[in-house]
Colleague: 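The structure under discussion is supplied below as structure tokens; questions concerning it will follow.
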Amino acid sequence: MKQEKILIVGACGQIGVELTLALRKQYSNNQVIASDIREEHELLKGTGPYLTINATDIKAVAETVQKEGITQIYLLAALLSATGEKMPMKAWDINMNSLLQILELGVEQKLHKIYWPSSIAVFGTTTPRQDTPQKTIVEPTTVYGISKYSGELWCQYYQKRWGLDVRSLRYPGLISWKSAPGGGTTDYAVEIYHEALKQQKYTSFLSENTYLPMMYMDDAIRGTIELMEAPIEQIKSRMAYNLSAMSFSPKEIAAAIQQHIPDFTISYAPDFRQQIADSWPQSIDDSAARNDWNWKHEFDLQKMTATMLENLSTHK
Ligand code: SER
């Protein structure tokens with residue numbers, strides 16, 4: 001078999017930066033080509049090849065696949081839930097067209113594997129909100145959620161119809177100190193750590209008892225690579241897997257921060273993102289991922305809070 005060569009599309013986003021660095025460790029720097037429409041992220045500079053590519057420009061993606069002998073694509077480019085509501089048609093275009101074109105390319109070019117992230121945003125107000133099962137009522141209410149659920153169905157279709165090995169996870173809100181999130185409803189759980197260190201106070205755009213499923217980025221990256229490396233017979237779901245680690249509210253994350261910064265205070269000014277949060281699950285049942293390919297999380301709220309505050313204070 002050809003040596004694996006990976007193309008990351010959307011490498012400068014919140015997941016992309018850390019996933020690129022982790023894959024470069026797992027493989028080698030030159031086996032992992034990072035690309036994004038944006039300028040190269042500071043943390044990627046000097047760690048391996050970088051190309052400027054627009055995710056919807058399939059000609060550019062196809063040329064790179066051929067020229068570089070790409071065997072796997074990680075397609076991470078997307079507009080998230082809050083930005084998607086401001087620009088619904090643009091969100092649909094970026095989220096869907098990039099996926100459909102890359103799935104087609106995957107069949108044409110006989111790619112070994114494709115990774116594409118889904119989200120808890122596939123669920124909607126009619127879904128059971130506690131321990132949301134892998135298979136349940138799915139009626140997303142945001143453009144982002146609609147694009148993710150449609151995308152899951154397309155991934156499953158390409159696997160069943162063409163045998164394309166596409167794998168996917170429904171991430172909860174992701175929390176990281178290296179790369180910033182952008183335009184999501186769960187972003188408050190990252191901003192709060194920055195503001196706690198800068199000004200010992202934070203105004204949350206979600207109300208105090210809004211519970212959402214969340215995960216520390218190290219767990220998300222490890223889970224992604226474990227899913228992609230798992231033997232094919234362990235991948236029993238070709239819809240994205242539910243993936244879960246913890247669940248907390250703004251009030252609870254504030255209390256965890258106060259353990260380290262006693263003067264920290266939080267206030268609440270819910271905006272349009274509250275309605276999005278209220279349509280999503282509060283906690284997720286990810287037993288399918290745990291059973292099929294041995295998923296396990298390592299970070300809870302306390303461990304994540306200590307790690308976030310320590311890293312953000314030392315890497316200013
Ligand atoms: N973090 C994403 C968002 O809030 C959910 O997948 O949009």
Side-chain angles (χ1 to χ4, degrees), residues 14-15 80-82 119-121 123-125 127-133 169-223 242-287 289-290 295-313:
Q14 192 197 13
I15 301 171
L80 297 190
S81 59
S119 158
I120 53 164
F123 301 116
T125 46
T127 303
R129 293 187 78 196
Q130 306 295 338
D131 291 329
T132 303
L169 296 170
R170 289 177 185 149
Y171 293 122
L174 298 180
I175 292 143
S176 55
W177 59 270
K178 284 189 190 156
S179 42
T185 301
T186 55
D187 294 9
Y188 91 88
V190 177
E191 290 169 11
I192 195 169
Y193 288 115
H194 288 268
E195 296 307 308
L197 287 166
K198 253 191 249 154
Q199 23 192 1
Q200 290 76 54
K201 63 177 186 192
Y202 178 66
T203 303
S204 167
F205 58 75
L206 298 182
S207 65
E208 61 181 332
N209 293 319
T210 307
Y211 281 84
L212 285 171
M214 300 278 186
M215 182 177 289
Y216 185 54
M217 186 61 89
D218 286 23
D219 275 341
I221 298 297
R222 188 175 44 76
N242 280 5
L243 199 71
S244 154
M246 61 185 112
S247 180
F248 56 77
S249 62
K251 192 173 162 182
E252 285 180 359
I253 190 174
I257 292 172
Q258 279 155 356
Q259 302 277 314
H260 300 263
I261 307 172
D263 291 341
F264 175 68
T265 57
I266 185 164
S267 54
Y268 304 93
D271 65 15
F272 74 102
R273 289 168 281 193
Q274 183 67 44
Q275 203 184 347
I276 301 177
D278 289 341
S279 77
W280 288 352
Q282 296 186 324
S283 60
I284 296 283
D285 174 352
D286 61 354
S287 47
R290 289 177 195 262
W295 158 248
K296 276 184 211 72
H297 72 277
E298 283 173 9
F299 284 80
D300 61 13
L301 178 57
Q302 273 62 40
K303 188 170 168 191
M304 175 175 80
T305 299
T307 311
M308 284 293 287
L309 292 174
E310 194 189 314
N311 281 297
L312 288 176
S313 9

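Treat the numbers as computed from the prediction; the structure is a model and nothing was measured.
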Colleague: Got a second to check how far Thr210's OG1 is from Tyr188's OH, nearest 0.5 Å?
Modeller: 7.5 Å
Colleague: Looking only at side chains, do Ser267 and Thr203 share a donor and an acceptor under 3.5 Å apart?
Modeller: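 Present: a donor and an acceptor within the cut-off.
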Colleague: Any salt bridge between Asp218 and Arg222, counting N to O under 4.0 Å?
Modeller: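 Judged by the 4.0 Å cut-off on N to carboxylate O distance, Asp218 and Arg222 do not form a salt bridge.
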Colleague: For the backbone of Met215 and the side chain of Asp219, can you confirm whether one donor and one acceptor N or O come within less than 3.5 Å of each other?
Modeller: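 No, Asp219 side chain to Met215 backbone: no donor-acceptor pair under 3.5 Å.
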Colleague: Identify the two heavy atoms, one from Leu212 and one from Pro281, that lie closest to each other, and give their separation to 0.1 Å.
Modeller: CD2-O, 3.7 Å
Colleague: If we ignore hydrogens and angles and just use 3.5 Å, is the side chain of Asp131 paired with the main-chain N or O of Asp285 as donor and acceptor?
Modeller: no
Colleague: Can a donor-acceptor pair be found, under 3.5 Å and without considering hydrogens, that links the side chain of Asp187 to the backbone of Gly184?
Modeller: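 Side chain of Asp187 to backbone of Gly184: a pair is present.
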Colleague: Between atom OG1 of Thr307 and atom CZ of Phe299, what is the distance when rounded to the nearest 0.5 Å?
Modeller: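 Result: 4.5 Å between the selected atoms.
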Colleague: Any side-chain heavy atom of Ile257 sitting closer than 4.5 Å to one from Ile192?
Modeller: yes
Colleague: Please tell me if the side chains of Thr186 and Leu174 come closer than 4.5 Å, counting only heavy atoms from C-beta onward.
Modeller: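 A side-chain contact under 4.5 Å is absent here.
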Colleague: Would you say that Ile175 contacts Met214 through its side chain, given a criterion of any heavy-atom pair below 4.5 Å between the two side chains?
Modeller: yes
Colleague: Would you sort out whether Gln14 and Ser176 count as a side chain to side chain donor-acceptor pair (under 3.5 Å), showing the intermediate values?
Modeller: CA-CA 8 Å; Gln14 192 197 13; Ser176 55; 3.2 Å; yes
Colleague: Mind checking whether Ile253 and Leu301 have side chains closer than 4.5 Å, heavy atoms only?
Modeller: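 A side-chain contact under 4.5 Å exists here.
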Colleague: Indicate the atoms forming the closest heavy-atom contact of Gln258 with Thr265, along with that distance.
Modeller: NE2-CA, 4.4 Å
Colleague: Provide the closest heavy-atom pair for Trp295 versus Gly223 in the form atom of the first, atom of the second, distance.
Modeller: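 Heavy atoms only, the tightest pair is CZ3-CA, 3.6 Å.
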Colleague: Measure across Lys251 and Tyr268 and return the closest heavy-atom pair with its distance rounded to 0.1 Å.
Modeller: CA-OH, 3.5 Å
Colleague: Is there a donor-acceptor pair under 3.5 Å between the side chain of Ser247 and the backbone N or O of Gln282?
Modeller: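 Yes: the side chain of Ser247 pairs with the backbone of Gln282.
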Colleague: For residues Arg273 and Leu206, determine if any side-chain heavy atom of one lies less than 4.5 Å from a side-chain heavy atom of the other.
Modeller: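 Answer yes - side chains close enough.
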Colleague: Quick check against the 3.5 Å criterion: does Glu208 have a side-chain atom that pairs as donor or acceptor with the backbone of Pro250?
Modeller: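 Side chain of Glu208 to backbone of Pro250, a donor-acceptor pair under 3.5 Å: no, none is there.
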Colleague: In this structure, are over 12 heavy atoms from other groups packed under 6.0 Å from Lys201 atom NZ?
Modeller: no
Colleague: Between the main-chain N or O of Thr132 and the side-chain N or O of Asn242, is there a donor-acceptor pair closer than 3.5 Å?
Modeller: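 Judged by distance alone, yes, a pair lies under 3.5 Å.
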Colleague: Which atom names give the shortest non-hydrogen contact between Pro270 and Gln274, and what distance separates them?
Modeller: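 Scanning both residues completely, I find the closest heavy atoms to be CB-OE1, 3.7 Å.
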Colleague: Which value, rounded to the nearest 0.5 Å, describes the distance between Ser283 atom OG and Gln130 atom CD?
Modeller: 4.5 Å
Colleague: Would you tell me whether Trp280 and Tyr211 have side-chain atoms, one donor and one acceptor, within less than 3.5 Å of each other?
Modeller: no
Colleague: If you take all heavy atoms of Ile276 and Ala82, which pair is closest and at what distance?
Modeller: CD1-CA, 4.3 Å
Colleague: Would a distance-only check, ignoring hydrogens and angles, find a side-chain to backbone donor-acceptor pair under 3.5 Å from Ser119 to Ala121?
Modeller: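 Present.
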Colleague: Out of curiosity, Ser244 OG to Ile284 CD1, how far, rounded to the nearest 0.5 Å?
Modeller: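 Those atoms lie 6.5 Å apart.
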Colleague: At what distance, to the nearest 0.5 angstrom, does OG1 of Thr127 lie from CD1 of Ile120?
Modeller: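 It comes to 11.0 Å.
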Colleague: Glu252 versus Met246: any side-chain heavy-atom pair under 4.5 Å?
Modeller: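 No, every pair of side-chain atoms sits at 4.5 Å or beyond.
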Colleague: With rounding to the nearest 0.5 Å, note down the distance linking CE in Met308 to OG in Ser313.
Modeller: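 Here the rounded value is 10.5 Å.
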Colleague: Run Gln200 and Glu195 through side chain to side chain contact (heavy atoms under 4.5 Å, CB included) and show every step you take.
Modeller: CA-CA 6 Å; Gln200 290 76 54; Glu195 296 307 308; over 6 Å; no
Colleague: What residues, two or more places apart in sequence or in another chain, satisfy side-chain hydrogen bond (donor to acceptor under 3.5 Å, both in side chains) together with Glu191?
Modeller: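 Tyr202.
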Colleague: Between Ser81 and Thr185, does the side chain to side chain donor-acceptor pair (under 3.5 Å) criterion hold? Intermediate values first, please.
Modeller: CA-CA 6 Å; Ser81 59; Thr185 301; 2.7 Å; yes
Colleague: Do the side chains of Leu312 and His194 get nearer than 4.5 Å, heavy atoms only?
Modeller: yes
Colleague: Just wondering, do Asp300 and Tyr216 contact through their side chains at under 4.5 Å, heavy atoms?
Modeller: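 A side-chain contact under 4.5 Å is absent here.
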